[in-house]
Amino acid sequence: MPPSPPSTPLLPLQSFDIAKFANRFAAHLQLLAAALHKASASAATGPTPLLCRLRALHAHILASGFKPRAHILNRLIDLYAKAGDLPSARRLFDAASPAPTDAVAATSLVNAYAASGHLPLARCLFDRTPLPARDTVFYNAMISGYARAGNGLPALLVFCEMLQDGFRPDDYTFTGVLSAAAAIIGLEPTHCGQLHCSVVKSGTEHAISVSNALIALYFKCDSPDTAVIAREVFDRMVERDELTWTTMVVGYVRRGDITEARQVFDDMEGRFNVVWNAMISGYVHCGLFLEALEMFRKMKSIGIPLDEFTYTSVLSACESAGLFNHGKAVHAHIIRSGSDLNPVSALPVENVLVTLYSKCGKIDVAKRIFDDIERKDPVSWNSILTGYVNCGHIDDALAIFNVMPHKHELAWLVMISGFVHNGLAEEGLKLFSRMRAEGAKPCDYTYASTIAACGELGALKHGQQLHAQLIQFGYESSNSAGNALLTMYAKCGAVEEAHIVFLVMPNLDSISWNAMIAALGHHGHGREAIELFDQMIGGGIFPDHITFLTILSACNHAGLVDEGFRYFESMKNDYGISPGEDHYAQLIDLLGRAGRIREAWDMIKSMPFEPGPSIWEAVLSGCRIHGDMDLGIHAAEQLFKMIPRHDGTYVLLSNIYAAIGRWENVARVRKLMKDRGVKKEPGCSWIEVANKVHVFLVNDARHPEVQEVYKFLEILGVKMRKLGYVPDTKFVLHDVESEKKEYALSTHSEKLAVGYGLLKLPAGATVIVLKNLRICGDCHTAIMFMSKAVGREIVVRDVKRFHHFKNGECSCGNYW
DNA sequence: ATAGGGTTAG
């Protein structure tokens with residue numbers, strides 16, 4: 001804690017003669033400068049204690065009637081500038097004009113302006129200083145000012161001006177020039193070479209700071225060759241400082257070369273904690289969390305000072321690795337070790353703690369930490385917002401969002417994607433509109449989330465509008481937006497559009513491939529999906545567990561049993577990806593649909609883990625298709641045991657009882673629910689509703705029968721609410737900002753169709769599926785089963801053609 | 001010179 005400003009005068013004025021004053025002042029100013037240098041970042045706003053002392057001293061100087069000579073004046077200006085009181089510095093400077101004979105004061109001011117982000121002011125002063133008053137240091141101030149602000153080109157121009165004006169650059173000049181050059185994006189290796197040459201010519205290459213800047217410059221170039229040169233510069237250095245090691249380690253880390261970084265680190269002489277921190281954060285960025293933790297442990301044990309940077313990286317490692325107990329231990333360590341954390345630079349620590357606690361489900365702890373943060377910044381707000389969203393507390397998140405002082409771009413994004421993930425896609429769209437109305441600028445990720453919302457809603461027109469906006473904003477080459485568009489078009493049934501997006505995307509990543517394969521699979525194009533998968537492999541893209549989930553699902557949709565098996569094996573053997581529960585579930589679903597329910601059963605028994613809900617769901621659906629009711633009920637009951645409070649299970653179980661007409665069991669389910677305090681009605685009501693339903697396949701909102709469909713949906717929606725159901729996304733009536741209501745169902749409705757289609761339908765009941773989409777895999781399957789169930793032909797119109805379903809087959813020849 | 005918050009695929 002710096003001393004508070006003295007209330008009594010610093011100096012007893014009467015005891016010194018004027019000459020001695022001058023010396024005393026100079027000495028005091030010197031002391032203040034040293035104190036100022038030590039007290040770097042301070043949390044306090046307003047005048048700092050040091051500034052108060054400076055003002056008091058200045059007041060003494062004025063009161064003494066002593067007219068400070070140039071060097072004292074310069075020092076005063078410098079101190080005011082460094083203490084952050086630029087207006088005072090400027091006043092003194094201007095009062096000393098118009099005859100500044102040296103550049104010292106101007107340099108101080110240029111430095112201060114640049115440091116406080118007022119580059120134009122610095123430049124203005126720079127330009128107004130006449131040539132005779134300039135010196136090398138003066139140019140250096142301007143150059144390093146630009147360099148620190150990341151303005152590479154202006155810095156180089158000042159450097160040229162300096163040479164033209166006939167000044168000799170020194171090591172400081174080159175340190176500035178090189179770090180300015182490093183800020184230029186797309187710098188060519190030849191440029192680095194040219195700068196390197198002029199460094200050598202000037203004879204400053206032995207200065208450590210110049211070599212350091214040179215190394216940083218070569219690393220920034222991001223080519224393997226320049227990294228080698230950086231290494232050569234490093235090897236030739238006779239003397240190295242902390243910055244040298246940091247630059248090397250960070251250089252390798254940024255290139256993703258963690259091994260080289262570690263080698264440099266191991267060669268390091270000295271115990272610089274910044275380098276340790278850099279190494280830890282390097283490990284975290286590479287996903288090597290355990291190595292990061294090990295390094296932290298070692299750092300602690302050999303007594304390298306830990307600081308805010310260390311804690312932030314280590315906590316982030318714990319959070320990313322899911323090692324919450326470890327994270328809590330580090331938190332405890334921070335508290336135990338006393339609060340020697342700088343309140344300004346500890347902010348990232350607090351922010352990552354918020355993330356850590358919310359990630360492990362302790363949102364209340366996260367909230368407490370958040371509330372205790374004194375000076376919350378946008379990251380703090382976004383962290384707690386994300387915490388609530390990820391815990392599914394979307395209402396709390398919204399409440400926080402609404403009281404946020406400055407809604408950062410990311411906050412909008414988190415909120416919109418939060419809505420979409422919590423089944424409130426429509427709210428997401430509304431929020432996007434609000435964002436635009438409030439003049440906030442969406443980034444490509446925001447577009448990605450909003451477009452995903454359209455996909456969930458099946459709101460093709462809105463999706464197209466967003467597509468157009470995206471191009472206007474210049475985001476058309478963004479991968480995230482492209483992937484979202486592709487998926488949106490596929491979910492709206494426009495596979496061709498999706499494919500076009502896929503074809504024109506400049507940088508396909510594994511998500512793009514997965515999305516396109518899924519799009520084809522969902523629409524029943526199993527063969528094409530497989531073909532695309534092979535292309536993906538041929539293109540050297542490594543498939544992940546989602547790719548295999550997708551390809552298995554595609555095989556499932558297309559009834560490609562053998563292919564499904566082949567890919568399941570290949571996943572394990574060729575790619576070393578061990579199948580998870582979902583992969584097994586796909587395969588079991590596939591077998592079940594093909595009537596090979598016993599094989600599916602064997603597969604379950606051979607699984608390396610206990611079957612979970614998705615497995616039993618797959619068994620259940622297989623049993624429903626092929627009438628193996630004993631196994632089906634077994635599956636339903638397993639499901640029931642696993643998630644006893646999951647309403648869906650009650651629905652599922654009573655559905656299957658109802659389907660085989662065992663109404664007494666349906667009643668038992670009702671009673672069970674009552675006993676267990678589940679408020680909702682069991683699922684048989686759904687069936688009662690569904691069996692009387694006339695639903696149409698609709699591609700076009702202007703379809704003559706669409707009004708009837710709307711009416712039905714409204715009745716169904718009301719009825720469901722009366723029964724205590726909250727209609728899920730499949731049946732929500734979407735009012736999508738247009739004048740006329742657009743009732744859109746997402747691809748999930750197909751699953752519903754499968755469910756309904758397989759029920760025993762009373763004579764005369766017709767179940768057709770409402771869609772404004774084209775017929776795709778599951779939907780097709782469902783209708784084929786329906787045609788078998790009702791024993792007569794069902795004709796549905798697709799966008800392109802009519803499909804005639806009869807006796808479980810379709811005129812288009814597609815096997816389900 | 002080292003640190004913290006985000007998206008899209010199943």
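These numbers come from a predicted model, not from an experiment.
A donor-acceptor contact under 3.5 Å is formed by the side chain of A:T246 with the base of B:dA1. For A:S480 against B:dT7, a side-chain-to-base donor-acceptor contact under 3.5 Å is present. A donor N or O paired with an acceptor N or O is found under 3.5 Å between the base of B:dG4 and the side-chain atoms of A:D377.
Checked against B:dT2, B:dG4, B:dT8, the side chain of A:S281 finds its nearest nucleotide in B:dT2. The listed nucleotides are B:dA9, B:dG6, B:dA3; the one nearest the side chain of A:D544 is B:dA9. Of the candidate nucleotides B:dG10, B:dA1, B:dG6, B:dA1 has the atom nearest to the side chain of A:V274. You'll find that the side chain of A:L410 is closest to B:dG5, out of B:dA1, B:dG5, B:dT2. Considering only the side chain of A:N514, B:dA9 comes nearest among B:dG5, B:dA9, B:dG4. Picking from B:dT7, B:dA1, B:dT8 the nucleotide with the shortest atom distance to the side chain of A:A452 gives B:dT8. Listed candidates were B:dG4, B:dT8, B:dA3. Nearest to the side chain of A:F309 is B:dA3.
The side chain of A:H406 contributes no N or O atom lying less than 4.0 Å from OP1 or OP2 of B:dG5. In this model, the phosphate group of B:dA9 is not approached by any side-chain N or O of A:H545 to a distance below 4.0 Å at OP1 or OP2. OP1 or OP2 of B:dT7 has at least one side-chain nitrogen or oxygen of A:S417 nearer than 4.0 Å.
Under the 6.0 Å distance and 45° angle rule, A:R240 counts as a cation-pi partner of A:F234.
Among the protein residues, A:R148 comes within range of no part of the nucleic acid, since none of its heavy atoms lies under 4.0 Å from any strand. Nucleic acid contact class of A:E242 (heavy atoms, under 4.0 Å, all strands): base.
Judged as a salt bridge (charged side-chain N to carboxylate O under 4.0 Å, His left out), and not counting sequence neighbours, the contacts of A:K572 are A:E569.
Of the listed residues (A:Y447, A:F473, A:Y489), just one forms a ring pair (Phe, Tyr, Trp, His ring centres under 6.0 Å) with A:H467, and that residue is A:Y489.
Atom CE of A:M488 is separated from atom P of B:dA9 by 12 Å (rounded to the nearest Å). The distance between atom CE of A:M415 and atom P of B:dT7, rounded to the nearest whole Å, is 13 Å. With rounding to whole Å, A:L306 atom CG is found 17 Å from B:dA3 atom P.
No donor-acceptor contact under 3.5 angstrom links the side chains of A:S383 and A:N351, judged on distance only.
Judged as a side chain to side chain donor-acceptor pair (under 3.5 Å), the pairs with a partner in residues 397-418 of chain A (not counting sequence neighbours) are, in order, A:N402-A:R434.
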